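Notes follow the structure.
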Number of protein chains: 2
Amino acid sequence: MTDSTARVSPGVPGTRPTRQRRAVSEVLSSFEDFRSAQEIHTLLGQRGESVGLATVYRTLQLLADAGEVDVLRSEEGEAIYRRCSATHHHHLVCRSCGATVEVEGPAVERWTAGIAAEHGFSDISHTLEIFGTCPACS
Amino acid sequence: MTDSTARVSPGVPGTRPTRQRRAVSEVLSSFEDFRSAQEIHTLLGQRGESVGLATVYRTLQLLADAGEVDVLRSEEGEAIYRRCSATHHHHLVCRSCGATVEVEGPAVERWTAGIAAEHGFSDISHTLEIFGTCPACS
DNA sequence: AGATCGATGAGAACGCTTGTCAACTCGCCG
DNA sequence: CGGCGAGTTGACAAGCGTTCTCATCGATCT
């Protein structure tokens, strides 16, 4: 269903696969955890693949809309992005070093669905993030 | 342990109970859900209790540090505050009309604590919001 | 190759938040 | 009871992340 790479543009209609978009997508793929737009922008510069900051933002939004990346807000309010894997999951994030652990919780999924149904809500989605201090940082 | 009102300043050493702080604290108490600093600032103005924006921010930080309010980030990255009620709960929000239902989930609390512990994380907090379309809107 | 239209980049603009600093208040001591 | 000092305030500027603007560029189609 999802063949991870090379489907950056095909999703949205009037969208083109440009050098910049590929570059952003690649950098994104090279990380497991969340990165801010600015961080990605800097990294691209260091890699020689200079891409305008505005373009980085635009591309990330595009990818987010297409459901290819997860967007989160750090506790400082910065938007952070990460390529999302096919499976729906949540994150356990270290406040101090940013280390991220993916966690799954069928129980939680069922619980949210149940609660929503109980109140007559439909078309449900939810966000769940767990923050803490990882063993290495405490 | 927590006697809700009137302990805005006694917590922190060199801290005084001023008109402004009381005003912010009161406005905060008059809501059950999260409000942004700017919103609180505007509300104070309407109430006739004008308080400088910077002071609102400072007071909210103070209260947050003292553990009297919860701070969260809206999806737009705005910091939102809520008086830390005794009961921890989550929200079921209608995407269309904004209606909010407070929900509690002991199971979820236990689950997050468990997951975190399992990975050696400490000092845990979490955010969980459920979005959907309410009966009236669908 | 030429035309068309989305994409890009540089910089300005914007909104939220924090810092600065002089004026002010509150609580306290003499 | 008056004055002192430390905490507090408010207006404004600065900082930062993000979005917008617009002229230019480049990809796709004919």
Side-chain angles (χ1 to χ4, degrees), chain A residues 6-28 34-45 47-66 68-82 98, chain B residues 6-28 34-45 47-66 69-82:
Chain A
R7 54 184 304 273
V8 184
S9 53
V12 194
T15 270
R16 289 175 194 163
T18 62
R19 174 184 71 76
Q20 289 88 340
R21 293 196 179 162
R22 228 168 301 132
V24 170
S25 189
E26 271 170 31
V27 166
L28 218 37
F34 290 89
R35 302 283 158 165
S36 72
Q38 317 252 358
E39 225 169 330
I40 291 168
H41 174 244
T42 302
L43 271 140
L44 282 166
R47 250 173 92 154
E49 302 241 53
S50 181
V51 175
L53 183 56
T55 302
V56 172
Y57 275 105
R58 277 185 294 237
T59 304
L60 287 172
Q61 278 179 344
L62 216 64
L63 290 169
D65 288 346
E68 294 192 34
V69 302
D70 281 338
V71 190
L72 218 68
R73 288 280 173 177
S74 72
E75 296 204 346
E76 295 85 47
E78 222 180 346
I80 48 180
Y81 307 82
R82 197 191 67 161
Chain B
R7 54 184 304 273
V8 184
S9 53
V12 194
T15 269
R16 288 178 196 159
T18 62
R19 173 183 73 75
Q20 289 87 341
R21 293 197 180 160
R22 230 168 301 133
V24 171
S25 189
E26 272 170 31
V27 167
L28 217 38
F34 290 88
R35 302 281 157 164
S36 73
Q38 316 252 358
E39 224 170 331
I40 292 168
H41 174 243
T42 303
L43 272 140
L44 282 165
R47 249 172 94 155
E49 302 240 55
S50 180
V51 175
L53 183 57
T55 301
V56 172
Y57 274 105
R58 277 185 295 238
T59 303
L60 287 171
Q61 278 180 344
L62 216 63
L63 290 169
D65 288 345
V69 302
D70 281 337
V71 191
L72 219 66
R73 289 279 173 175
S74 73
E75 296 202 347
E76 296 84 47
E78 220 180 348
I80 48 181
Y81 306 82
R82 186 194 62 172

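Note that the coordinates shown come from a computational prediction; the quantities given were computed from them, not determined experimentally. In what follows, chains are A, B, ... by sequence order, proteins preceding strands, each numbered from 1.
With sequence neighbours excluded, the residues forming a side-chain hydrogen bond (donor to acceptor under 3.5 Å, both in side chains) with B/R35 are B/D33, B/E39, listed by chain and number. With sequence neighbours excluded, the residues that form a ring-ring contact (aromatic ring centres under 6.0 Å, His included) with B/F34 are B/H91. Applying the side-chain hydrogen bond (donor to acceptor under 3.5 Å, both in side chains) test to B/E49 and every residue at least two apart in sequence or in another chain returns nothing. Shown here are the side-chain hydrogen bond (donor to acceptor under 3.5 Å, both in side chains) partners of A/Q61, two or more places apart in sequence or in another chain: there are none. Contacts of B/T18 classified as side chain to side chain contact (heavy atoms under 4.5 Å, CB included), with partners at least two apart in sequence or in another chain: B/R16, B/Q20, B/R21. Every residue meeting the side-chain hydrogen bond (donor to acceptor under 3.5 Å, both in side chains) condition with B/S74, not counting sequence neighbours, appears here in chain and number order: B/E76.
For B/Q20, no side-chain nitrogen or oxygen approaches OP1 or OP2 of C/dT25 to under 4.0 Å.
Between the CG atom of A/L63 and the C1' atom of C/dA7 there is a distance of 14 Å, rounded to whole Å. Put simply, CG on A/L62 is 13 Å from P on D/dT19, counting in whole angstrom units. As a whole-Å value, the separation of B/L44 CG from D/dT9 P is 12 Å. Between the CZ atom of B/R21 and the C1' atom of D/dG7 there is a distance of 8 Å, given to the nearest Å. Between B/E76 atom CD and D/dC16 atom P there is a gap of 23 Å when expressed in whole angstrom units.
The backbone N or O of A/V51 lies less than 3.5 Å from a partner atom in the side chain of A/H41, making a donor-acceptor pair.
Judged purely by distance below 3.5 Å, without hydrogens or angles, the side chains of A/R58 and A/T55 pair a donor atom with an acceptor atom.
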Look for any protein N or O under 3.5 Å of an N or O in nucleotides 13-19 of chain C and output each such pair with its distance, or none.
unit_1: C/dT17; atom_1: OP1; unit_2: B/A79; atom_2: N; d: 2.6
unit_1: C/dT17; atom_1: OP2; unit_2: B/Y57; atom_2: OH; d: 2.3
unit_1: C/dT17; atom_1: O5'; unit_2: B/Y57; atom_2: OH; d: 3.3
unit_1: C/dT18; atom_1: OP1; unit_2: B/Q61; atom_2: NE2; d: 3.0
unit_1: C/dT18; atom_1: OP2; unit_2: B/Q61; atom_2: NE2; d: 3.1

Using nucleotides 24-29 of chain D, report all nitrogen or oxygen pairs with the protein that are shorter than 3.5 Å.
unit_1: D/dG26; atom_1: N2; unit_2: A/R16; atom_2: NH1; d: 2.8

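Residue B/S50 is in sugar-phosphate contact alone, with no base atom involved, counting any heavy-atom pair closer than 4.0 Å across all strands shown.
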